[in-house]
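Remember, it's 1-based here, ligands and their atoms both numbered in the order they're listed.
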Amino acid sequence: MDINKVIKYLNELYPHAKCSLNYSKDYQLVIATMLSAQTTDESVNKVTKVLFTKYKSLKSLSNANIKDIERIIHPLGMYKRKAFNILGIAKGLRNGIPHTREELMKLPGVGQKVANVVLAELYQLPYFAVDTHCARISKRIGIAKEKDNPKVIEEKIIKLVNKKHLILFNHQMIEFGRNICKAKNPECAKCKIKCSNRV
Ligand code: SF4
């Protein structure tokens, strides 16, 4: 598959694609992205609205009672682990948000994907976060192999896509995966990519 054809099509479909997690302060993005593991951004936005309204600063969050955080984020699943991570992140970010992936990944619950989202969103650095949509689409359109893990897919995409376009392309792929190239019943009839895996 010619990646330029995919880029052109996604530019037509989603010229203004952006991060769908709500946040008003930088540290909130780190927490929201960590919370988005194994759930939807929509679900995360619902709980962070409550969480960040109740705990309005990093300091208040780092002093919060873990049981109260667990209660608030319960709908997301893995709530005990995630509540523990929230407290750890709140304490770990007291001196600001790191600018490197290595530093970010020292925070609890922050792996490569979360770190990539944060660096791209907050600092506009050319990182690409491979979520479930990006992994599925990359395999379907043939820029990744079925056996490739997210790190391998990330490396392949970084080699293929111009750095200047990487962040937008990341958001576009996610939109495309939510709306057209869905996990179940992809809407191939209306998709212009017409990959060999279309149904
Ligand atoms: S043709 Fe179907 S499977 Fe291929 S990219 Fe389009 S929606 Fe996805």
request  = Quick one: closest heavy-atom pair of Pro126 and Leu166, and the distance?
outcome  = O-CD2, 3.6 Å
ask   = Does the pair Lys145/Asp148 count as a salt bridge with the N-to-O cut at 4.0 Å?
value = no
note = Counting only protein N, O or S atoms and ignoring waters, those under 2.8 Å from atom 8 (Fe) of ligand 1 are Cys181 SG
Lys194 neighbourhood, listing ligand 1 atoms whose heavy-atom distance to it stays under 4.0 Å = 1 (S)
inquiry  = Distance alone, cut at 3.5 Å: any donor-acceptor contact between the side chains of Tyr55 and Asp68?
reply    = yes
request  = Look at Glu154 together with Lys151 and state whether they make a salt bridge at an N to O cut-off of under 4.0 Å.
outcome  = no
query = For the residue pair Tyr123 and His99, does the interplanar ring angle fall in the parallel (under 30°), tilted (30 to 60°) or perpendicular (over 60°) class?
reply = parallel
query = Any ion pair linking Lys182 and Glu175 (charged N to carboxylate O, less than 4.0 Å)?
reply = no
